Every structure is written in C-alpha cells, then in structure tokens.
Colleague: 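My questions all concern the structure below.
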2 protein chains.
Amino acid sequence: MELGRPASVADRTVAVGTSFMLEVNASAILTNLRSVGRASVSSLAKQTGLSRQAVSRSLAVLTSMGLVEISAPDRAASPAGRPPQMVRFRSEAGHVLGVDVKARRVRVAVADLAAEIVAESTVPLDGSVAFAEWLRTVVLDVLDQAGIGPDDVWHVSVAAPGIIDPATGHVALSPGMPEIVGDGILLGIRSAVDAPVYLDNAIKLATIGERWRGAPHAEQSLVFVHWGERIGAGILIHGELYRGASNDAGDLGYLEIGLPDTPDGTDADLGPFERSVGTRELLRIAGSSAERPSSETLTLTELAAAVCSRQPWALSAVRTISSRFARGIAVLRSLLDPEVIVIGGDITELGQALLDSLDDALRFETLEQPQLEFSTLGADAIVQGGIHQSLRWVEQERFGVTAVREGSSAAGWPRTP
Amino acid sequence: MELGRPASVADRTVAVGTSFMLEVNASAILTNLRSVGRASVSSLAKQTGLSRQAVSRSLAVLTSMGLVEISAPDRAASPAGRPPQMVRFRSEAGHVLGVDVKARRVRVAVADLAAEIVAESTVPLDGSVAFAEWLRTVVLDVLDQAGIGPDDVWHVSVAAPGIIDPATGHVALSPGMPEIVGDGILLGIRSAVDAPVYLDNAIKLATIGERWRGAPHAEQSLVFVHWGERIGAGILIHGELYRGASNDAGDLGYLEIGLPDTPDGTDADLGPFERSVGTRELLRIAGSSAERPSSETLTLTELAAAVCSRQPWALSAVRTISSRFARGIAVLRSLLDPEVIVIGGDITELGQALLDSLDDALRFETLEQPQLEFSTLGADAIVQGGIHQSLRWVEQERFGVTAVREGSSAAGWPRTP
DNA sequence: TTAGTTCCGTACGATACGTATGTATGTTAC
DNA sequence: GTAACATACATACGTATCGTACGGAACTAA
C-alpha cells in the first residue's frame, strides 16, 4: 500500500524473456500518450525513438488491455499524405476515488485516469446508522451517479482527521470523530469496492493536492500549513510526502519558540504554537480590544468583515498574530527552506490583509524567504490530493514496468503464452 | 553532476534493440555480485532468476569491461559435484577520490569500487604556491601512493567550507578560506584527473558519511548537527540529501526561538542560535562562573577535562547550554521528526556528560524524541561521505541501466556492432 | 571402478527489435 | 480527370536475446 519504492538489491529488475522489452516500451508509450492525450502512431514512434512496428506491437497489447483506442483517421494531424490513424488514451478504462471524511460530512469524488472528475457528492453524516455501512451506501451512490460499477474502481484514497498509520490504514485517534477510530473507514470502503485503499491524515492529502493542482510550480519542496484553531502542516520534499520517523513531521501546533502564551491551564487541548497564533487566540485579542464597539463574542467571519472595512482594532489584531506566525515561518525557513508555503484553513477568510501583514513581518528577516500563498483549492485540496495519490498508485502498479523475476510477472500485464 | 534523476516523460527508458536486455541483466548481476563479493555462476543465476546462459553472457560482457574476473574453481563453494568457477567483482577496476578541504589542511582519500580506502593523505596547506596548483600536486601524490594513474579515477567528491553551489561547483563564499572562492578547487582537481567532480559544503558531505558509515540504521531520515562555534546541520530525507530551495536547508545557526542572546553588537558574526548555544557562549558561561578556581581564558579542552573530573561549575555550564540546545532539538523534532540526530563538531569533546545532560533536558518533552548520538566518525565523516557520493555516481552512471534512446547508448556499456 | 552430483558448453525454438520493400490512401498540380 | 507526391500501413527478413534441453567434464563417495 505504501508508494515508496524499496529498490533493494534482490528486487532489482531483471529482464527474463524478450516480452520484457514489450513491457518496457508499452509503458513508455503509454506514458507518452497520456501526456499528450491523442497522437498518431508515427508521432509516438518519433517521440520514443522506437520503430513504428515496435510502437504498433505495443499499441496492440495496450488495446487488448483496454487502455488505448484507435480512433478515426485525422486529416488535420498531417497536412499532406495519408491521414494517420489516431491513438487515444482511454481515460475511462478505470477510475479512482478520492474520499474526504470530516466530522459533519463526507465528500466523495470519482475521477477517471485523466484525473477528470466524473462524479462528486457531498453527503451530511447520518448518525442513525453504523458508520461503515453508511459509508458503503454513500460510495455506491456516487458510483451509480458516475455510471460505473464497483469493479471499475482501481484505487481509493481516503482522508480523515486524526492520527492515522497510512501503512495499515488504522485510525489510532480522532478527537472529533470517535466513530472512525479503528478500521471502520477501511471496512466501509472495502465492502463497497474491491480495490486497494489508502487512508491518511487529511492534512497530508491536502498537501499533495496543493502541490499537484494548487501550486504545481513547487516541484521539489512545499509546506502546506493548515491554520485554524489548530495548526498543522504537511511537508513535501523531493516531490514526496515526508512523514518523519514517528509519522509526525510538520507538527507545527506543538512548536515552542518563545512566543507569548496563554496562562497555564487555559486551552490545554492546544499546543503552544496554537495557543499563540491559532484563531482562538486571534479572536481573543481582537475581541478584547478596547477600541472594538461591540463586546459580544467575536466570530472569525465578523473579524474578516471588520478587517475588510479596515477597522483599526481588527487590523491591529491581525498584525499581532501575523508577527507571531512570521516567527514560526522564519523557523520553518531556516530549517526546511521550502520553495513555497501554502496556507489553508479558516484563517484564509481574512484574505489579502493577512498576507500583506505577513509579508510586512517577514520583510526584516535576513534570509531569502519562501513564497507565501493562500490555498487556491480550499476544501477541494483534500479530495484532489486523494485522486492524485490514487493515480500515482495506478501509474506505478498498473502502468509501470514490473520487475520480472522468476517468471512471475506482476499484475496488469498479460502473459504471452 | 547532480545525482537526482529527472525522470521526465521524454527521458523515460525505452528498450531499443535486444541488447537492452543484456544491459539490464548485466547491471542486475553486477549489483548482486557487488553485494556478496564472490559468487559462482549458478548462484548468481539462482539469485537473479535468470538462466545460467544469460548470466554467462552478461558475465562475458562484464569481464570484457574489466568489472568482473573469473577466478579458480573453489571446491569449498559446493560440497559435491564439479567445483564451480568463482566470479569476483574487480573492485580495483576503478577508483574514486574523497577530498576534504579545510582552512589548515587538505585530506585526500582514494577508495576502490568496494569503498575500501587504498591510500590516504593529510597535507598541511602551503600558502607559498597557488591553491589550484598546490591541490593538483597533492592529488597526484596520493594517486602515486595508491599506485594508480589519473585515468583510473572515475569520480571525485570534494568538501569545502562555505557556500557552494553543488550544481556548478562554484564557491560563492568562504569566510575562512578566501583562496577557494571561485573555481580554484575545481580547476586544481581537473588539472590532476580527468573525471567528473562533485563539490559541496563540508557539512552536507559529512551528513552523507554519517548516514552511510556512522549511523546506517537511519534508513530514511537523519539530521547531522555540526556543533562548534558555528552551528549548522545537514538533512537527509528519503535517504537523500535535502538542500532546500535556496540551498540553505538546515541553517540551524540562524534559528531564532527565543533563547537568551548576547547583548546587541556582540558576536555579530554569528547567528542567534550560535550566540546562544555555540561553544563561544559555553566557554563564556563556564569561564565566568564564580566557582571556577582560575580566571584565565578557558579553552574547550580544559572545560572537557573539568567536566570529566565532575567540577560543579563545569557541569552547571554544560547543563545550561544543554537545556538551550534541547529547545532547538525540540523544534527540529516537531518540524522534521527525524529518526536520528547525530552531533558532531568540537562540542563532542565534552563526551558522555553532554549526551546525558541533553537527555535530561529532553525528558520532559511530550513527543517521542529522536535518537541522539555523537558522531562515531569525527573528521572522517567528510571524506567517507565524499567517497560514498562518488560511488553512488559510479553506480548510477556506469553500472546503472541507461535509458537507450535514438541509438545513443550512454557511456560505459559497449556497443555490440 | 562406478554411481551420483554439480557445473560447463552447445544447439534449438520463441519472441522482440530494426531495416527494407511494397501497398494503401490521401493532397496537390496540371 | 489524371499524374505526381507525401505520408501511413503491412509484410518479410536478419539480428539478438532469452529459456529449455542435452551431452560432456570434474569431483566425491562408496
């Protein structure tokens, strides 16, 4: 279930039989075709450096696997001469699911192999029925909506809040959703579809989503910070999610860097950094300002409105919290030096004023600072990250070249008897 | 020169011609043989899953390349039957250089392809002659001592202090060694041997060395902290060195986490963290202790002796600095969560007392803390890291399977006409 | 000396690749 | 409308690799 490649000595790829070459070439051709969508045989031959015959052979295999399709000749493709038959990647050959489980609702998206979302559904949680059983019906409903059967799903990625071991999919802790602790999600999904399931923390998958759809210019390193009452981060390094030794990397909330803190005993459920820069502290600072006209409990949306109308007391609170958060960014910068830091979570309600304020606070840092952005995907990032994660699995396990050892070819490729 | 693999779509490996299979298999066999040293043809066949003929064919190619050698039959290898001819990896077929340039001396080590050091030399710097020219003679001397010629060197890795761009090998800044700024090192090495040269910051290569020889149990993530007057770190993630967007990741010295600092203006050449926990501050704290008998300027060696004899004033200073450093470790932990943190640099003179003191300071952290170790390699780590880096280049570029495209096979493998 | 075991070498069929040649199907010029 | 041209497709042939099969070589043990 883990996507990392072991690459040990024993697992080194060995070519046993000439059919291995076909496998290698078909995989290369498929990759090429997927990147362009439609192409002629000749253009594929030119791209890969193979002869047209070799390309044709590979395409025959791919056609029999249902992955490509030969469509009508297209005279527009080459101005003179016989018009080439076009080859198309059958992105409808398989589908993947991205699932976002939250305390109040579950969101499921079905995407084809070109990452195009073909069906999507957000369903409020129904507490009257067992979670696994309920999840099963939600998934089956979306599949029905997409017009595909359970067998058409190749891989599922699920995001949920809490502490999750992605190797097993076991949910160890989920303060906001006790019903998912254990293997309830896994069981629910597996009862609906017969495909590998990847289950991970929501922030991790959101990070993948941001890298992929939100900030694709961050090739190598990206940090996604979820900034709300709680604060957590996902770290992408070398284009891969980095989890750390205890599956705990990016635990910004418990960062302790000498910032002002609440008195002992208050907000003990939060970490030091959360107590200092989380939205709860922000609302406390802004709400208790002497200049503020009202004295009712302040909400984030009200604060955002006040910031928007440039109320001094609101701007002042944002500046205070920004300067504290900037200290955290500076620490992140000196240790990790990421290309981009993407900020998501409730705090983004504050809009450009917050970004400006952060930039001001970081202006005095000596080191070159990373690019700072708000998430452009918002809540979508999680589902998108799941889809991307699943498609990466498909690429590696079903489209990738398999290590042929001791005659046991891996799944996906047909044996030529 | 960069070892990372681009793996773009266009560069995807394509099998053009059946000789590709031989290449794949020979590479796999070579890897296998390298891991065991000596093996019979049959055992290699069993290991790789290939037929004996295929193994023999590959071995013939490898023999013609000079990489393997068929030695006398060994009756001990199989108790009954005809004794097998043994195949040996010719680790003397090529050599790599690890070079450690420091302000006062240069250290050069020659290693064979089995990473065995065959010659080593540490030469004090000679300021009377141009640096590049001097480096050239040092390198040639060591090669002479190893009994090999310049053509037998396949790759060189050089470590130097300062800000270095490993992509170009250009030294941008080196406060302690102005003579190496620019391309002096590159020119000196290249005038001695005709091989690719990798030039990087010393801490980075030390990190690789620690991972490889010092703490090989840290498979995935390791942070090497150089702790002296200055403080810097190298970060290994996913088994790879992580540099960050500005080639600046792990810049611990400029970490600012609210620790006690010197008054403004003092030690302006150091960063905040260095001013707070570096050896200069340690000696200042210990030296100004009222309990200390002498009032002369304290050296680290004297302090280490005092710690060893359990002088209260020395232990107290170590405790103070440890608790500050532990704060930095905690930050590192919450952001990066590495498996192991290896500490090197002058501070290791203090020995076990420092480690104990750090453990005490970290005991109260809520999160599970990473394993804390002293470097077992010391100054050797840099040269060892260089050798490892070079051998990795050799593996990828000369032993690895090359993407065969448009008939242009990569270097190393013979064309079969 | 003989049986058993293991290794080495050659022969054969299968498969994939590239090159070469011929055929099919379009556009363009007259 | 027909000829010339350009491109794509299809078939045939030679090359190289692999695996399997079989016979000879070398050594041990009875």
Side-chain angles (χ1 to χ4, degrees), chain A residues 13-29 39-46 48-62 70-87 401 404-409 413-417, chain B residues 13-29 39-46 48-61 63 70-87 401 404-409 413-417:
Chain A
T13 302
V14 169
V16 40
T18 43
S19 63
F20 173 73
M21 306 184 65
L22 190 79
E23 207 171 303
V24 170
N25 290 340
S27 176
I29 288 168
S40 68
V41 179
S42 298
S43 67
L44 285 173
K46 193 174 287 180
T48 57
L50 293 165
S51 71
R52 220 186 12 262
Q53 283 80 338
V55 175
S56 289
R57 240 188 313 262
S58 294
L59 287 176
V61 173
L62 293 172
I70 295 180
S71 54
D74 183 3
R75 77 197 60 188
S78 65
R82 175 175 173 174
Q85 288 190 311
M86 299 306 282
V87 184
V401 176
V404 184
R405 300 195 64 246
E406 294 166 303
S408 64
S409 182
W413 296 98
R415 306 287 298 155
T416 39
Chain B
T13 303
V14 169
V16 42
T18 45
S19 62
F20 173 72
M21 306 183 65
L22 190 77
E23 206 171 302
V24 170
N25 290 339
S27 177
I29 289 168
S40 68
V41 179
S42 298
S43 67
L44 285 173
K46 193 174 288 179
T48 55
L50 293 166
S51 72
R52 217 180 31 251
Q53 284 74 348
V55 175
S56 289
R57 241 188 312 263
S58 294
L59 287 176
V61 174
T63 304
I70 294 179
S71 54
D74 183 3
R75 76 197 59 188
S78 65
R82 178 174 172 174
Q85 287 192 311
M86 300 305 283
V87 185
V401 175
V404 184
R405 300 194 64 247
E406 294 166 302
S408 64
S409 182
W413 297 97
R415 305 286 299 155
T416 39

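Note that the structure is predicted; figures quoted are calculated from it, not measured. Chain letters run A, B, ... following the sequence lines, proteins first, then strands; residues in each count from 1.
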Colleague: Report yes if at least one side-chain N or O of A:R57 is closer than 4.0 Å to OP1 or OP2 of C:dC17; otherwise report no.
Modeller: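 Yes, within the criterion.
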Colleague: Look at the side chain of B:P83 and decide which nucleotide, out of D:dC27, C:dC17, C:dG26, has an atom nearest to it.
Modeller: D:dC27
Colleague: With sugar-phosphate meaning primed atoms plus P, OP1 and OP2, does A:S42 contact a base, only sugar-phosphate, or nothing at under 4.0 Å between heavy atoms?
Modeller: sugar-phosphate
Colleague: Kindly say if B:T18 contacts the phosphate of D:dA16, meaning a side-chain N or O under 4.0 Å from OP1 or OP2.
Modeller: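 It does not, given that no N or O in the side chain of B:T18 lies less than 4.0 Å from OP1 or OP2 of D:dA16.
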Colleague: With sequence neighbours left out, what residues match A:S42 under side chain to side chain donor-acceptor pair (under 3.5 Å)?
Modeller: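 Per chain and number, A:S42 pairs via side chain to side chain donor-acceptor pair (under 3.5 Å) with no residue.
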Colleague: Can you tell me how far apart CG (B:N25) and CG (B:L44) are? Round to the nearest 0.5 Å.
Modeller: 12.0 Å
Colleague: Below 3.5 Å is the cut-off: list the nitrogen or oxygen pairs between protein and nucleotides 22-25 of chain D, distance only.
Modeller:
| unit_1 | atom_1 | unit_2 | atom_2 | d |
| --- | --- | --- | --- | --- |
| D:dG24 | N2 | B:R82 | NH1 | 3.0 |
| D:dA25 | N3 | B:R82 | NH1 | 3.3 |

Colleague: Among C:dA16, C:dC17, D:dG19, which is the nearest nucleotide to the side chain of B:L50?
Modeller: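 It is D:dG19.
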Colleague: Could you tell me whether a side-chain N or O of B:S40 sits under 3.5 Å from a main-chain N or O of B:Q85, the two making a donor and an acceptor?
Modeller: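 No, B:S40 side chain to B:Q85 backbone: no donor-acceptor pair under 3.5 Å.
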Colleague: Can you work out whether B:Q85 or B:G81 has the more 5'-proximal nearest nucleotide on DNA chain C?
Modeller: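 Upstream on the strand: B:G81.
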Colleague: Does a side-chain N or O of A:N25 approach OP1 or OP2 of C:dA16 to a distance below 4.0 Å, or not?
Modeller: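 So the side chain of A:N25 is outside the cut-off, no N or O lying under 4.0 Å from OP1 or OP2 of C:dA16.
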Colleague: At what distance, to the nearest 0.5 angstrom, does OG of A:S43 lie from CZ of A:R52?
Modeller: 11.0 Å
Colleague: Whether the side chain of B:S27 engages the backbone of B:E23 through a donor-acceptor N/O pair (distance < 3.5 Å, no angle test) should be reported.
Modeller: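 No, because the side chain of B:S27 does not come within donor-acceptor range (under 3.5 Å) of the backbone of B:E23.
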Colleague: What is the distance, rounded to the nearest whole Å, between atom CG of A:L22 and atom P of C:dA14?
Modeller: 18 Å
